[in-house]
Amino acid sequence: MALKRITTGPLTLGPLIAFAVAVSDLSMFGLGPYFWSLVFGVAVSWALEGEGVRALREQAPEPKS
């Protein structure tokens, strides 16, 4: 079910990498796979899916002050 939800959105590669890292046994500098899944997922999305990230940011509502 999680893989199905990952592949239906506008960004697919970043969430897929994040999922793969989260289920792995990756641990660096005392930080576990959940932290690194966020770091790698966001980095891949920004680097390789920049147009999709910009489109999502334009759709987001403005924060109220």
Side-chain angles (χ1 to χ4, degrees):
M1 183 69 165
L3 287 175
K4 182 180 178 183
R5 292 196 65 179
I6 287 171
T7 58
T8 57
L11 303 175
T12 55
L13 190 56
L16 188 60
I17 296 295
F19 181 77
V21 172
V23 298
S24 74
D25 209 14
L26 180 69
S27 179
M28 294 187 299
F29 309 114
L31 299 168
Y34 302 124
F35 173 79
W36 292 113
S37 69
L38 291 173
V39 170
F40 289 134
V42 169
V44 167
S45 287
W46 278 347
L48 301 177
E49 299 176 314
E51 188 63 35
V53 172
R54 281 188 288 282
L56 285 175
R57 290 187 78 184
E58 289 174 2
Q59 293 175 358
E62 291 293 323
K64 296 179 181 179
S65 24

_Show every side chain to side chain donor-acceptor pair (under 3.5 Å) that has at least one partner inside residues 41-53, sequence neighbours left out._
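Listed by first then second residue: Ser45-Glu49, Glu51-Arg54.
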
Identify all side-chain donor-acceptor contacts of residues 15-24 below 3.5 Å with residues at least two apart in sequence or on another chain.
| unit_1 | atom_1 | unit_2 | atom_2 | d |
| --- | --- | --- | --- | --- |
| Ser24 | OG | Val21 | O | 2.6 |
| Ser24 | OG | Leu26 | N | 3.3 |

Which atom pairs, one a donor and one an acceptor, fall under 3.5 Å between side chains of residues 32-44 and the rest of the protein, sequence neighbours left out?
| unit_1 | atom_1 | unit_2 | atom_2 | d |
| --- | --- | --- | --- | --- |
| Trp36 | NE1 | Met28 | O | 3.3 |
| Trp36 | NE1 | Leu31 | O | 3.2 |
| Ser37 | OG | Pro33 | O | 3.4 |
| Ser37 | OG | Tyr34 | O | 2.7 |

